[in-house]
Amino acid sequence: MPHSTLDTFLRIYEHILDRMNEGVHVIDAMGTTIVYNHKMTELESMARQDVLHKPLSEVFQFPPGQESTLLTCLRTGNSIRNTRQTYFNDKQKEITTINNTYPIIENGQIVGAMEIANDVTKMERLIRENLLQKNGSRYTFEQIIGKSTPILDVIENAKRAARTSSSVLVVGETGAGKELFVQSIHNASLRAAGPLISQNCAALPDSLIEGLLFGTARGAFTGAVERPGLFEQAEGGTLFLDEINSLSMPLQAKLLRALQEKSIRRIGDTKDRSIDVRIVAAINEDPVEAIANQHLRKDLYYRLGVVTLFLPPLRERKEDIPILTSHFIEKYNELFQMEVTSVSEDVLQFFREHDWPGNVRELQHLIEGAMNLMIDETTIRYDHLPLHFLRRTPASVVVPVQQQPSVLSFTEDGRSLKETMQEFETAYIHHVVDRYNGNISRAAKELQISRQSLQYRLRKLGIKG
């Protein structure tokens with residue numbers, strides 16, 4: 001074939017491939033990409049030059065224990081049809097495709113493999129979002145923020161537990177993220193299409209929660225109507241019982257029977273009703289201590305704790321604080337229409353030193369509170385933190401001179417938070433403006449706010465610049 005004819009043929013061939021609505025990926029006998037069409041660049045969010053003529057295994061990452069369908073086909077010589085595959089590109093973006101993969105054989109030798117791929121990433125996301133809307137939950141494992149070993153270990157165990165219908169007990173302090181894990185387990189399970197019903201057992205007295213859990217029969221007591229309980233409402237799905245250690249011992253015994261018999265009886269009824277419900281419970285104290293203090297029946301603990309997940313408190317995974325902080329800043333930037341980008345070094349140092357009794361929830365509320373005290377600033381400074389944090393600065397935290405709360409002495413005189421914060425802000429701004437002899441521009445620069453914002457505050461607080 002003349003060289004010019006061959007060039008024309010190749011251009012036509014490339015044009016046809018790039019007009020296809022399926023991704024086409026071809027590797028040679030060494031696993032190196034030799035064909036990568038336009039649709040494939042869209043599916044995998046990759047540029048051609050980042051994939052062509054490079055070993056496939058060096059460009060894409062696959063979950064542990066899994067291999068690329070292209071490489072599997074190349075190794076075995078067998079076609080692979082209609083196979084779902086999830087993997088990651090070089091930017092760690094998750095991709096899910098349905099592939100048909102074929103070996104390329106020449107003179108009896110495998111010289112390569114080709115794959116025709118259809119993207120189902122968007123479709124799966126839409127299905128998952130639709131399921132979340134239907135079952136009333138919002139969280140998945142992908143939304144759990146953290147890279148530390150303690151949290152990654154719990155996530156991995158929770159993912160494994162999600163594959164079955166066994167009961168799960170989630171143990172963690174207040175604010176550690178118990179409900180987030182519960183919702184993630186449900187949404188990763190085969191019950192994701194079913195309901196997720198949540199109930200805090202400490203929110204109601206036993207006289208009410210028993211009827212709420214098991215339902216009532218008409219005439220069981222004055223005013224009683226025929227009403228299904230939470231067990232029946234969660235049929236085919238998951239029932240989450242938070243603070244289960246707050247239930248009375250008799251009610252825990254009745255709950256244990258329901259779990260063992262897989263049936264419940266409405267209050268005032270005479271017949272049992274079969275249930276198909278997965279129970280996930282949570283407790284905010286050590287189970288051994290709860291049993292010793294008679295807050296939790298030992299037999300119920302053994303029945304619930306088929307899988308027990310111990311969530312690490314934030315003080316045991318402080319390396320996650322920077323990414324959690326960035327996540328919450330991004331969240332409240334969107335909510336408050338702000339452009340905060342970071343926290344100052346002294347704030348970050350305080351975060352490292354703090355014990356976080358309220359865990360991740362406390363950090364979230366702290367970021368939200370600080371951003372409420374900001375106007376045009378882009379960095380959260382120490383003086384933006386809520387007053388109760390300013391009052392208990394750790395000795396190891398060195399607060400810059402211009403941010404030290406010592407410009408105002410605090411007394412326990414019963415003033416409101418608003419009054420105290422206004423007095424603090426007045427004294428602090430007065431201190432900085434005086435230091436620059438009334439130069440508003442230099443004072444604003446020191447305060448890291450705009451000149452207009454400082455003038456507004458001076459007028460509001462009655463300070464003469």
Side-chain angles (χ1 to χ4, degrees), residues 135-137 158 161-172 178-179 181-183 185-187 189-221 224-285 287-288 290-291 293-309:
N135 67 34
S137 61
R163 298 174 300 178
T164 72
S165 289
S166 298
S167 300
V168 177
L169 180 64
V170 183
V171 182
K178 295 188 290 294
E179 184 158 0
F181 270 87
V182 172
Q183 292 191 19
I185 290 170
H186 174 77
N187 290 321
S189 73
L190 296 176
R191 295 175 176 267
L196 171 62
I197 305 296
S198 300
Q199 177 59 48
N200 188 311
C201 298
L204 296 171
D206 280 356
S207 58
L208 292 180
I209 201 163
E210 183 176 4
L212 187 65
L213 287 173
F214 301 105
T216 57
R218 186 183 303 276
F221 50 83
V225 297
E226 199 76 21
R227 188 188 65 191
L230 296 182
F231 274 96
E232 291 178 70
Q233 294 176 40
E235 179 69 19
T238 304
L239 176 59
F240 171 41
L241 300 176
D242 196 7
E243 297 191 59
I244 197 164
N245 50 320
S246 65
L247 292 179
S248 67
M249 290 298 179
L251 195 49
Q252 288 187 31
K254 189 169 183 178
L255 176 61
L256 176 62
R257 179 186 176 279
L259 295 176
Q260 291 174 335
E261 303 296 331
K262 297 187 183 300
S263 66
I264 57 98
R265 180 180 296 181
R266 293 181 182 180
I267 296 176
D269 206 349
T270 57
K271 66 176 182 178
D272 292 335
R273 302 169 187 265
S274 297
I275 52 170
D276 175 23
V277 176
R278 182 183 199 175
I279 302 296
V280 180
I283 186 172
N284 56 11
E285 62 178 318
V288 175
I291 293 171
N293 295 328
Q294 297 188 338
H295 296 162
L296 182 66
R297 289 177 60 106
K298 184 184 294 186
D299 48 5
L300 180 59
Y301 167 64
Y302 291 139
R303 186 64 187 83
L304 287 173
V306 175
V307 177
T308 303
L309 302 175

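Quantities reported herein were computed from a predicted structural model and do not represent experimental measurements.
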To the nearest 0.5 Å, what is the distance between [atom1] ([X]) and [atom2] ([Y])?
{"X": "Ile185", "Y": "Arg163", "atom1": "CD1", "atom2": "CZ", "result": "12.5 Å"}
{"X": "Leu309", "Y": "Phe181", "atom1": "CG", "atom2": "CZ", "result": "7.5 Å"}
{"X": "Ile267", "Y": "Arg227", "atom1": "CD1", "atom2": "CZ", "result": "8.0 Å"}
{"X": "Leu304", "Y": "Ser166", "atom1": "CG", "atom2": "OG", "result": "12.0 Å"}
{"X": "Glu179", "Y": "Phe240", "atom1": "CD", "atom2": "CZ", "result": "5.5 Å"}
{"X": "Arg273", "Y": "Phe231", "atom1": "CZ", "atom2": "CZ", "result": "14.0 Å"}

So do [Y] and [X] actually touch side chain to side chain, heavy atoms under 4.5 Å?
{"X": "Arg266", "Y": "Lys271", "answer": "no"}
{"X": "Leu259", "Y": "Leu300", "answer": "yes"}
{"X": "Arg265", "Y": "Asp272", "answer": "yes"}
{"X": "Thr238", "Y": "Ile197", "answer": "no"}

Evaluation steps, side-chain contact (heavy atoms from CB on, under 4.5 Å), between Leu169 and Val307:
CA-CA 6 Å; Leu169 180 64; Val307 177; over 6 Å; no
Closest heavy-atom contact between [X] and [Y]?
{"X": "Gly236", "Y": "Pro195", "value": "C-CD, 4.5 Å"}
{"X": "Thr216", "Y": "Gly211", "value": "CG2-CA, 4.2 Å"}
{"X": "Lys178", "Y": "Ile283", "value": "CD-O, 3.9 Å"}
{"X": "Ala203", "Y": "Gln199", "value": "CB-NE2, 4.4 Å"}
{"X": "Val277", "Y": "Ala234", "value": "CG2-O, 3.7 Å"}

Show the atom names and distances, to 0.1 Å, of all donor-acceptor pairs under 3.5 Å that link a side chain in residues 244-254 to residues at least two apart or in another chain.
unit_1 : atom_1 : unit_2 : atom_2 : d
Asn245 : ND2    : Glu285 : OE2    : 2.7
Ser246 : OG     : Cys201 : O      : 3.3
Ser246 : OG     : Ala202 : N      : 3.2
Ser246 : OG     : Glu243 : O      : 2.7
Ser248 : OG     : Asp206 : OD2    : 2.4
Ser248 : OG     : Leu251 : N      : 3.4
Gln252 : OE1    : Arg297 : N      : 2.8
Gln252 : NE2    : Leu247 : O      : 3.0
Gln252 : NE2    : His295 : O      : 2.9
Lys254 : NZ     : Glu210 : OE2    : 2.8

Residue pair Ser167 / Arg278, side-chain donor-acceptor N/O under 3.5 Å:
no
If only atom types and distance count, is the side chain of His186 paired as donor or acceptor with the main-chain N or O of Val280 below 3.5 Å?
no
Just by modelled atom types, is the Gln183 backbone N or O under 3.5 Å from a matching donor or acceptor in the Asn187 side chain?
yes
State which residue, out of Ile264, Leu230, Leu204, fulfils the side-chain contact (heavy atoms from CB on, under 4.5 Å) condition with Leu213.
Leu230
Salt bridge check: are Asp299 and Arg257 linked by an N-O gap of less than 4.0 Å?
no
With a 4.0 Å cut-off, would you call Asp276 and Arg191 a salt bridge?
yes
More than 12 non-hydrogen atoms from neighbouring residues, nucleotides or ligands closer than 6.0 Å to CD on Gln294, yes or no?
no
